[in-house]
Protein chains: 2
Amino acid sequence: MIDSSVAVSCSNCSVRRLCLPAGLSLEDIARLEQVTRKKKVIKAGESLYRPGDSFQNLYAIRSGSFKSVIIAADGDTQVTHFALPGELLGLDAYSKQVHSSYAEALEDSSVCRLPFVQLEILAQQVPALQQQIYSIFSEELRQENEILMLLGKRSADTRLAALLINISSRYASRGYSHSEFILSMPRTDIANYLGLTAETVSRLFSRFQRQNLIRVNGRVVQVIDLLGLSELAGTHCGYEGDI
Amino acid sequence: MIDSSVAVSCSNCSVRRLCLPAGLSLEDIARLEQVTRKKKVIKAGESLYRPGDSFQNLYAIRSGSFKSVIIAADGDTQVTHFALPGELLGLDAYSKQVHSSYAEALEDSSVCRLPFVQLEILAQQVPALQQQIYSIFSEELRQENEILMLLGKRSADTRLAALLINISSRYASRGYSHSEFILSMPRTDIANYLGLTAETVSRLFSRFQRQNLIRVNGRVVQVIDLLGLSELAGTHCGYEGDI
DNA sequence: CGATGTCTTGACCGATTTCAACTCGCGTGG
DNA sequence: CCACGCGAGTTGAAATCGGTCAAGACATCG
């Protein structure tokens, strides 16, 4: 449950520039750390919360990755997001004070548990934090709009290309290689997220490899032709283009 | 630009229960009215803002309806939302301080212009307003997730049925009939929103009519068999089920 | 009364799904 | 140590849903 002897805090967190502390003064970060103190380790396949759970906390990802999934009345599921370190999970539960989705770790991961009431109170006192919260909400809305276009208008290959570009750029902004990475999710999750079937996704991976756009081996992906892939994605590659 | 001799304000606005004032005390509403004072009339086809415009205001719809549309690099568009009275437009522009979508009136409409800086300052002082803003953000996220499932997993007829149910229930929560209404948007917009073509939407309207689910005449829709329609939609009908 | 844009309908086509078989890698237990 | 089973991934062939193209109906507005 607790990470180590060395204090884990926002100030020395590797993703602080992408997370809640972004834009805060050192002083304000110190106050934020009072809220973000509780760490939690989540093993692959475990859930942070499930539909029906009451909304108490936001979770900031420290390491690992998650998928957000909603479940329809008929049991059908939709993966709505793949979340990486620095991102916040749980925002969509505020209005109903109950989670309507679940967040499952795709690999062994760790998160900061943020009691929202406390965060809310602090934000009331720290305008920069307030703004950062708005910003995160707003950015998430913007991103969902892009995914809407992806699902509504784009062909299967464009969708997968866009996801690869997206993941690549998000890894890059976290200091990892953008040309070689390991997908932490199975094909079925990718397919579900993109509104396709696992078979189609598999075929596309094979085709992209034949076209020398990427090299795939199971979940290991090597981007060979980033430009070609971007063209396929039509630069509709979603968020975090730079930073 | 100005509405009339009678003061138009939140306190006597017909959609106050669905808008920012929801949950505020009379006293707080009075303070909010200082921010919401500026009204604006928008004619059908005109835009509230366009991609690239700097983010200054949020807009609360008083009457009429709008579509939110994003434009991809290749010029392709995606309708992301149909907005009705009481709803807020522009939230997705906060993080970049620039609009990335446009909001176009589907009919002659009127809105309250809310300078966001002022709203932000007031929210800092009025916790209930703060919470209402969070709530609206959060609810919008939740709704987009449902649309994601609609576009990712559902067949054409389910999508249209879900939209009809959704619009019907939203009209109902605004005090209008849920069994008979006028669609303010053309088929092309419906199709674009649902990730279909106008032809498919048209065919579905005809089929729904043959199946005695609805009666259509151009944009006038009469829901004959709400239960049947809901079943088709699989209760994946989106937001505002009650209230 | 013609013009323009919206809507409808039909016939055909193609991308993606569906169904099915097969491979691969891995952990378990005999 | 190896056989086995299982889930994940791949690949092929057939079926289908929705898209595309094209023509015509309808309405509104000058």
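Below, read A as the first sequence line, B as the second, and so on, with proteins coming before strands; counting in each chain starts at 1.
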- Query: Only one of B:Gln143, B:Glu87, B:Lys67 clears side-chain hydrogen bond (donor to acceptor under 3.5 Å, both in side chains) with B:His81; which?
  - Reply: B:Glu87

- Item | Stacked cation flag B:Arg187 on B:Phe205, 6.0 angstrom / 45 deg | yes

With the criterion being N/O to N/O and under 3.5 Å, what pairs connect the protein with nucleotides 23-28 of chain C, and how long is each?
none

- Taken in chain and number order and not counting sequence neighbours, the residues that satisfy salt bridge (charged side-chain N to carboxylate O under 4.0 Å, His left out) with A:Asp76 are B:Arg154

- Message: Suppose the criterion is ring-ring contact (aromatic ring centres under 6.0 Å, His included): which pairs have a residue in residues 141-179 of chain A, not counting sequence neighbours?
- Response: A:Tyr171-A:Phe181

- Message: Between C1' on D:dT11 and CZ on A:Arg187, what's the gap in Å once rounded to a whole number?
- Response: 14 Å

- Task: Output yes when at least one side-chain N/O atom of B:Thr197 is less than 4.0 Å from OP1 or OP2 of D:dG18, else no.
- Result: no

- d(CE, B:Met185; C1', C:dC7) in whole Å: 16 Å

- B:Glu199/B:Arg203 ion pair, N-O < 4.0 Å: no

- Applying side-chain hydrogen bond (donor to acceptor under 3.5 Å, both in side chains), name anything that partners A:Ser101, two or more places apart in sequence or on another chain. A:Asp92

- Item | B:Arg50: salt bridge (charged side-chain N to carboxylate O under 4.0 Å, His left out) partners, not counting sequence neighbours | none

- Message: Rounded to whole Å, how long is the line connecting atom CG of A:Leu196 with atom P of C:dT16?
- Response: 8 Å

- Task: Tell me, please, which residues at least two apart from B:Tyr94 pass ring pair (Phe, Tyr, Trp, His ring centres under 6.0 Å).
- Result: A:Tyr134, B:Phe116

- Task: Kindly write out the residues that satisfy ring pair (Phe, Tyr, Trp, His ring centres under 6.0 Å) with A:Phe137, not counting sequence neighbours, or none if the list is empty.
- Result: B:Phe137

- Task: Check the distance between C:dT17's C1' and A:Arg159's CZ and give it to me in whole angstrom.
- Result: 12 Å

- Item | For A:Asp157, all residues meeting salt bridge (charged side-chain N to carboxylate O under 4.0 Å, His left out), sequence neighbours excluded | A:Arg207

- Task: Before giving the answer on ring pair (Phe, Tyr, Trp, His ring centres under 6.0 Å), spell out for A:Phe82 and A:Tyr193 the whole-Å C-alpha distance, their side-chain angles and the decisive distance to 0.1 Å.
- Result: CA-CA 9 Å; A:Phe82 293 122; A:Tyr193 176 70; 4.9 Å; yes

- Note on the structure: Atom CD1 of A:Ile190 and atom P of D:dA8 are separated, to the nearest Å, by 13 Å

Under-3.5 Å N/O pairs linking protein and nucleotides 25-30 of chain D:
none

- Query: Expressed in angstrom and rounded to an integer, what is the separation of B:Glu107 atom CD from C:dT6 atom P?
  - Reply: 16 Å

- Who passes salt bridge (charged side-chain N to carboxylate O under 4.0 Å, His left out) against B:Arg215, sequence neighbours left out? none

- In residues 199-214 of chain B, what residues come within less than 4.0 Å of DNA chain C, judged by heavy atoms? B:Glu199, B:Ser202, B:Arg203, B:Ser206

- Task: Find the distance B:Asn192:CG to C:dC7:P and express it as a whole number of Å.
- Result: 14 Å

- Item | Spacing of B:Ser109 atom OG and B:Glu46 atom CD [to the nearest 0.5 Å] | 10.0 Å

- Message: Looking at A:Lys43 and A:Asp108, is any side-chain nitrogen of the basic one under 4.0 Å from a carboxylate oxygen of the acidic one?
- Response: no

- Query: What is the distance from CG of B:Asp157 to C1' of D:dG18, rounded to the nearest Å?
  - Reply: 11 Å

- Counting only Watson-Crick and G-U wobble pairs with both atom distances below 3.5 Å, the stems of 3 or more consecutive pairs that include DNA chain D are C:1-30 with D:1-30

